[in-house]
S.K.: 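Here it is, the structure, as structure tokens.
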There are 2 protein chains.
Amino acid sequence: MIRGATIRDVAKRAGVSVSTASLALNGKPGVSAETRARVLRAALELDYHPHTAAKNLADGRTRTIGLIAPISLEHLFSSASFFMKLFRGLHHIAQRKGYVLSLYIAESDDEAALQIKSLVRSRAVDGLVITNPTFTSPYLEEIRRYRVPFVVIGRPVGKAPFVDNDNQAVGWMATRHLIEHGHKRIAFISGPDRFTFCQDRLLGYRKALEEAGVPYSRELVWRSEIVEEDACRVVKENFPKIRFTALLAATDVQAVGAIRALKEMGIKVPRDISVVCVNESELARHFMPSLTTVDLHERELGRRAMELLIQMIEDGVVREKGIYVEASLIIRESCGCNYGKGGGNEKEQGAPQKKSGKG
Amino acid sequence: MIRGATIRDVAKRAGVSVSTASLALNGKPGVSAETRARVLRAALELDYHPHTAAKNLADGRTRTIGLIAPISLEHLFSSASFFMKLFRGLHHIAQRKGYVLSLYIAESDDEAALQIKSLVRSRAVDGLVITNPTFTSPYLEEIRRYRVPFVVIGRPVGKAPFVDNDNQAVGWMATRHLIEHGHKRIAFISGPDRFTFCQDRLLGYRKALEEAGVPYSRELVWRSEIVEEDACRVVKENFPKIRFTALLAATDVQAVGAIRALKEMGIKVPRDISVVCVNESELARHFMPSLTTVDLHERELGRRAMELLIQMIEDGVVREKGIYVEASLIIRESCGCNYGKGGGNEKEQGAPQKKSGKG
DNA sequence: CGTATCATTCGAACCGTTTTATACTATAAA
DNA sequence: TTTATAGTATAAAACGGTTCGAATGATACG
């Protein structure tokens, strides 16, 4: 690796001192326009790029954001697509503001906590984005003690700055769509309670039923892990016992499991049962029938998170606020509301994102 | 952010000089066991973590690998899942060897080249992993001039160290499976020629036909962009004109498009037409029918790439070699070879990965 | 006993920036 | 004319590590 020009080389070529060169290169005041131009030209001629590590050491900032991801994320809600979209949003803002993203994958929350500690104490990052959806209070407390700016993706159990969808609104929106098309017996396939988004979507589901005067019935709510097989299982178990005309799944893979179960029992979607779910993904888009689903706008999630984080870093203020990003319903085939209408089978509905009280 | 202990604090507490402390902490020779223990204990007591930037500046290494990804990757072959798996592999080895991954997304190859230049010249990384599948010779030449270790994921058009599947073997393997089940009229949905993996898969397809004495016919090879809609289109265009009993798609999303086209024309998969494709993904796994496909073992791809790269970094030797990672066929429903057999519908076949001459 | 050898240890230089405190102008105010 | 006051430019001191070369003391050898 060829040894590049240093700021000393630039200074010498421009006929100024190193300190003046530094000021000029960083656009700081205290340099005449003429001198600044001379320095900039010299830098250009030498193809000067400041040495990252030297800069970090001198001014104590790394311009690096640590992205903490749990290995388990891979198994969650078609998470590859979720994560990539989120990442695109994070990266977009980071790049624009001159920050770099470093990735850290941890096998467990304990390992993540350890990694975080090391990162912070060795001054490797200016801030953190934490995507572990099960990260709980003790961890957050610990991180808070480091006084490092951080933001959580998803609503954490403890108190912390976060960016998330209003998952109650998400559940509400999906359920509402089914109700509007006349359904009254709507099954809900939920996920484990350790995920706040599952709890919240269930609340939204109940709320929509309530508002419509449809009685809520516990026998219509089925727990399943967030994998196809388990959703398939709960549907097969419950279908013979319980009557329903529509089904809402907490995630897209669960919807797919449900549809497979129904198909294996000779039930057609959407002809016999309407299905709606959450998560926009390759799977939702390409499945047959294509899935009516709630798009979480992960990219926006990422953008907002990065904006919040960088603000915290640069202003030095830690805001405890949570930010909610709007979601929207994508109407496709599985709900059946445009079944048989042929032609363009996809419409997006920028839902009114009910300002549902949370807390 | 609390000011942590420096190596000077550690040295003082252990009653040694800074240089001795450094040697001890880094496990270098020239320190007595007793002294080393004392230093280590002091470091532990002070919860000392070396300052990353200072270390980088002092020894000229960053222990950081830059991961260059093109924005377009997102649209390629269910690439979210591809990328996440690749990333897991890369990260796995990187972490084990004490490296950190930084991510850089570029809108275009030009932008990527610019980013790379800046990264290298500002000494922000020790090496690069380049995932842009269309990165061509001029770019590679430029990077080579920087004398920075790098490895390309996928077979590049130019000469460069790379890690990839033997895509000729991949195409061969998939075609072979269809031939073994008696098919002679096998259509191939290929992708744009700018992707070497498309060219190679086509070669493998031809080779398998040849070996089996099945005549190759140009009318059975259809170009399509790597999106569902386009694959759907080419199938609809060709189906009425050309007779075939099986179909091989260069990617999973193209297979899905093809199946949709067939379905819309009243043809059932696998009952009427057998379908095989490449890429193991959520989509391939959960689609109905589930897709018989070639698993590219992206995680292994990532591992091997990172191993090669780190070797190049630490040995200071640039090897021009290409590494091929084995792929394997996953037999599911869409090929129909186990159609109606019920029960476990998935078997993996560690194919003999024919050592097909590539040159 | 003197000296070469070896294992330890240490002081100081160095990595390439930013930043602080200071000096030097030239101009404006007194 | 002197004295503030900006406006520029600079030298030197950080930042927190690694590493080089010299110094020290102990051991082995002739």
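So you know, we letter chains A, B, ... as the sequences are listed, proteins then strands, and number each from 1. In this text, all values refer to a predicted model and were calculated from it rather than measured experimentally. Just so you know, these numbers use all the heavy atoms, side chains as well, and skip hydrogens, waters and symmetry mates.
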S.K.: Is the ring centre of A:Phe83 less than 6.0 Å from the ring centre of B:Phe83?
M.R.: no

S.K.: Starting from P on C:dG16, measure out to CZ on B:Arg61 and report it in whole angstrom.
M.R.: 16 Å

S.K.: Under 3.5 Å, which protein N or O atoms sit close to an N or O of nucleotides 18-22 of chain C? Give each pair with its distance.
M.R.:
unit_1	atom_1	unit_2	atom_2	d
C:dT18	OP1	A:Asn26	OD1	3.3
C:dT18	OP1	A:Asn26	ND2	2.8
C:dT18	OP2	A:Ser22	OG	2.4
C:dT18	OP2	A:Asn26	ND2	3.4
C:dT19	OP2	A:Lys28	NZ	2.4

S.K.: Please check if the side chain of B:Thr52 supplies one atom and the backbone of A:Ser122 the other of a donor-acceptor pair under 3.5 Å.
M.R.: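 Yes, because the side chain of B:Thr52 sits within donor-acceptor range (under 3.5 Å) of the backbone of A:Ser122.
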
S.K.: State which residues pass salt bridge (charged side-chain N to carboxylate O under 4.0 Å, His left out) with A:Lys55; sequence neighbours excluded, sorted by chain then number.
M.R.: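 Here no residue qualifies.
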
S.K.: When the distance from NZ of A:Lys12 to C1' of D:dT10 is rounded to whole Å, what number comes out?
M.R.: 16 Å

S.K.: Return whichever of B:Gly15 or A:Thr6 has its heavy-atom-nearest nucleotide of DNA chain C closer to the 5' end.
M.R.: B:Gly15

S.K.: Before we go on, tell me: are the rings of A:Phe87 and A:Phe82 under 6.0 Å apart, centre to centre?
M.R.: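 They do not qualify: ring centres at least 6.0 Å apart.
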
S.K.: Whole Å only: how far is the CG atom of A:Leu57 from the P atom of D:dA14?
M.R.: 13 Å

S.K.: Just by distance, do the side chain of B:Arg123 and the backbone of B:Leu57 share a donor-acceptor pair under 3.5 Å?
M.R.: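 Pair absent, no side-chain N/O of B:Arg123 close to backbone of B:Leu57.
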
S.K.: Applying salt bridge (charged side-chain N to carboxylate O under 4.0 Å, His left out), can you list everything that pairs with B:Asp59, at least two apart in sequence or on another chain?
M.R.: B:Arg63

S.K.: Taking atom types as modelled, is there a side-chain donor on B:Asp110 or B:Tyr139 under 3.5 Å from an acceptor on the other?
M.R.: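 Side-chain D/A pair, B:Asp110 to B:Tyr139: present.
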
S.K.: Scan side-chain atoms only and decide if A:Ser32 and A:Thr35 contain a donor-acceptor pair under the 3.5 Å cut-off.
M.R.: yes

S.K.: Which protein N or O atoms sit under 3.5 Å from an N or O of nucleotides 24-28 of chain D?
M.R.:
none

S.K.: Shortest non-hydrogen contact from A:Pro149 to A:Asp126?
M.R.: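 Looking at all heavy atoms of both residues, the closest pair is CD-O, 3.4 Å.
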
S.K.: Between P on C:dG16 and NE2 on A:His51, what's the gap in Å once rounded to a whole number?
M.R.: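 Atom NE2 in A:His51 sits about 6 Å away from atom P in C:dG16.
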
S.K.: Enumerate the residues from residues 29-43 of chain A whose closest heavy atom to DNA chain D is under 4.0 Å, giving them by residue number; use none for an empty result.
M.R.: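 Those residues whose heavy atoms fall under 4.0 Å from DNA chain D, taken from residues 29-43 of chain A in numerical order, are A:Gly30, A:Val31, A:Ser32, A:Thr35.
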
S.K.: Between atom CG in A:Leu46 and atom P in C:dG16, what is the gap in whole Å?
M.R.: 14 Å

S.K.: Side chains of residues 99-106 of chain A: which donor-acceptor pairs under 3.5 Å do they make with residues two or more places apart or in other chains?
M.R.:
unit_1	atom_1	unit_2	atom_2	d
A:Tyr99	OH	A:Arg61	NH2	3.2
A:Tyr99	OH	A:Glu314	OE2	2.8
A:Ser102	OG	B:Ser102	OG	3.1

S.K.: Please report the closest heavy-atom contact between A:Leu309 and A:Leu128, naming both atoms and the distance.
M.R.: CD2-O, 3.7 Å

S.K.: In this structure, how many angstroms lie between the C1' atom of D:dG16 and the CG atom of A:Asn56, rounded?
M.R.: 13 Å

